[in-house]
Amino acid sequence: MNRTLLRVAIFIIILGSVVFLIPNKFVTPVVPSTSDSEQPQVNISSNGARLLSPSPTLQESASDELQILVRRAGDALPRRGQAQGEGDQDSHHAPQSVMMAAERIGQLVEHIELHPGRKPQAVEFFVECAGADQVLASVRALCYHELETIARDTGLSLDEDRFSRIPSSIRELSDALGE
Amino acid sequence: MLFSRLDGARVPIILLASLVSSAANSSIFFATDIPEEQRRLMEADLETLTRVSLDRSDEKLKDLFRIPEISNDALQEWLESRVKYVVAKDFYVWDHLYKSPTEVIYPPIKLGVPLVKYLPPIPNTSTRSIMAMMKNVGGGIYSSGRSVNHAYLVSIPGLEKKVSVVSPRVGIVQVGEGLFAVRPKTSSLPVGSVVFSYYRMGILFHEARHSDGNGESLLFSHSSCPPGHDYEGHFACDFNLNGPYTIGAQFFKNLLTACRDCSKIEKSVLKVLVLDAASRIIRVAPRFTLEDSMKLTSRRKHVFSCYQKEELDQKHGPLKDGLCTEAALESSRSEIREIYKKGLANLLIPAPLVARVLDPAPEMLVAKEK
């Protein structure tokens, strides 16, 4: 028993020495690099406050992630007739395709909450979704609801022309969440 | 027995006792042929109902349920007065029915707003079996008894006495496979996410409403969804303002408002459950002129016979006449849609029907005096 403990202790000592001898270049520095491209951008607002914005790299990765999430949400939108095609499911309650679409939309909402700067891009998706005739009404109304939330947060007017293709039936259905 | 052999046996025995008592908090009886796993899941859902956060300021839910206040106890009581027995998916009703020796009188049939039927129901084809979520079989038994003017008794596995079906409130619901498969296989949410439990509870509350009603509102039967609806032709819509879909929508909405621990994704799923149920509430139904009504009947017959033919084709090979080609069917369907649109136009007489709140009080039969 004691011999085993001794062997373990020796092994740890050797391992520690090896790690110590590894050249610094293989170890990621904890302190951020001073090069311009990697430094977070500091914007000075008109009132002189320092606004820290994410680095371009972070912005790019957020944008990539948004695109992935938009694509996944778009792929998950259940088409009309598809609900009836889910022939083995009980048509009395929300089919799984509707649940999955809501999940993907939820992931998108979660993302834009973390990256509010990406909201304009998400608006495009929600307009497309809410205006898509071939998509199930419940999911379209969910998209319209999220659009309304963004509009409320950002001061966007939903009376603009580009929103006119969203029919009143979908707008009214989304009221079920607000009534 | 198992625990008594272990050291410190008192702890597990106390734990076991608390589990048994929590399951016993609900008065709903589970038939003994329900698989253990399914029973446990439903008991856990009912347990969730006793402690879930509710939006107590929800006046709509209060009015809809006709309860004095929104509380977990009040919701549980509402549910348990409408759902009393849960039977397994393989429970074949006719094998468990007995005619009661007592002669009975059913309340007279009141003619009210007719069931709105836009299209014939889409039949289940022989090759596909529907994964039903849940059915209120008690209401169906009451309604059957009503049509032949005698009362039924039902034997439920595990229950010594037969249950007497004297009202739609007998509260026998049958579970289906679908109820235990509400979580999509590709879902990113954990199996134990509250939304799946809420979804199953919503279905239970939906079925509970089918235990209500009298005359025109008896069982709060569904209407067929109108042309152009996502579930066109399915009996999966309500033409009233307090039926099972309104119950479901308001129930989910309450949970959505109250769920502070829900993630954005879970909230999104709850939102779509509200919207799916709300989308099935039909607020205006068309009325037709005599001519349109006759045309509608003929087109519906055409579509229906073709649905039947499709079913027969699968068994006996395709029919050779051109009656049921996709083009012929689409022609009838589009005529139905046109007549429907016309029937909704407010300028016509008679004016379209508007959905309203129906009387939820359950009717009850009485024994005939000798």
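Throughout, protein chains are lettered first and strands after them, A, B, ... in sequence-line order, and every chain is numbered starting at 1. These values consider heavy atoms only, across backbone and side chains, with no hydrogens, waters or symmetry-generated copies.
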*chain A: which of B:Met133, B:Lys185, B:Met134 shares the most heavy-atom pairs with it under 4.5 Å?*
B:Met133

*asked:* Determine whether a donor-acceptor pair (N or O, by modelled atom type, separation under 3.5 Å) exists between the side chain of B:Glu266 and the backbone of A:Glu103.
replied: no

*Count the heavy atoms belonging to other residues, nucleotides or ligands that lie under 6.0 Å from CG of A:Asp75, then report whether that count exceeds 12.*
yes

*Are B:His234 and A:His92 close enough that their ring centers fall under 6.0 Å?*
no

*chain A interface, residue from B:Val182, B:Val269, B:Val272, B:Val195 that has the most non-hydrogen pairs under 4.5 Å*: B:Val272

*Where do A:Val109 and B:Lys264 come nearest, in terms of heavy atoms and distance?*
CG1-CD, 3.9 Å

*Minimum heavy-atom distance between B:Leu273 and A:Met99, given as atom pair plus value*: CD2-SD, 3.8 Å

*Would you check, one step at a time, whether the test side-chain hydrogen bond (donor to acceptor under 3.5 Å, both in side chains) holds for A:Gln107 with B:Ser188?*
CA-CA 10 Å; A:Gln107 287 168 345; B:Ser188 63; 3.3 Å; yes

*Any residues in residues 137-153 of chain A near chain B, with a heavy-atom distance under 4.5 Å, and which are they?*
A:Ala137, A:Ser138, A:Val139, A:Ala141, A:Leu142, A:His145, A:Glu146

*Please state whether the side chain, the backbone, both or neither of B:Glu207 comes within less than 4.5 Å of a heavy atom of chain A.*
side chain

_chain A contact via B:Ala278 - side chain, backbone, both or neither, heavy atoms under 4.5 Å_ = both

*State whether the side chain of A:Arg80 and the backbone N or O of B:Gly228 hold a donor-acceptor pair below 3.5 Å, judged by distance alone.*
yes

*Could you pull out the closest heavy-atom pair between B:Lys253 and A:Ala176, with the gap in Å?*
CD-O, 3.2 Å

_Distance check, rounded to the nearest 0.5 Å: A:Leu177 atom CG versus B:Leu275 atom CG?_
4.0 Å

*When heavy-atom pairs shorter than 4.5 Å are enumerated against chain B, which of A:Ser169, A:Ala94, A:Gly106 gives the highest number?*
A:Ala94

*Pick one of side chain, backbone, both or neither for B:Leu256, based on which atoms fall under 4.5 Å of a heavy atom in chain A.*
side chain

*When you measure from the side chain of B:Asp230 to the backbone N and O of A:Leu136, does any donor-acceptor pair fall under 3.5 Å?*
no

*asked:* Quick check on B:Ile203 against chain A: is it the side chain, the backbone, both or neither that has a heavy atom closer than 4.5 Å?
replied: both

*Residue part contacting chain A, namely of B:Val274, when any heavy atom lies under 4.5 Å*: side chain

*Work out which heavy atom in B:Ala236 is nearest to a heavy atom in A:Ser91; give both atom names and the distance.*
CB-O, 3.5 Å

*asked:* Heavy-atom pairs under 4.5 Å with chain A - which of B:Ser279, B:Ser187, B:Pro244 has more of them than the others?
replied: B:Ser187

*asked:* Are there over 12 heavy-atom neighbours, none belonging to B:Lys135, within less than 6.0 Å of that residue's NZ?
replied: no

_Interface moiety of B:Tyr199 toward chain A, non-hydrogen atoms closer than 4.5 Å_ = side chain

*asked:* Heavy-atom cut-off 4.5 Å, strictly under: side chain, backbone, both or neither for B:Arg183 against chain A?
replied: backbone

*Among A:His93, A:Glu110, A:Met100, which has the most heavy-atom pairs under 4.5 Å with chain B?*
A:His93

_Between B:Thr186, B:Asp276, B:Leu270, the one whose heavy-atom pairs under 4.5 Å with chain A are most numerous_ = B:Asp276

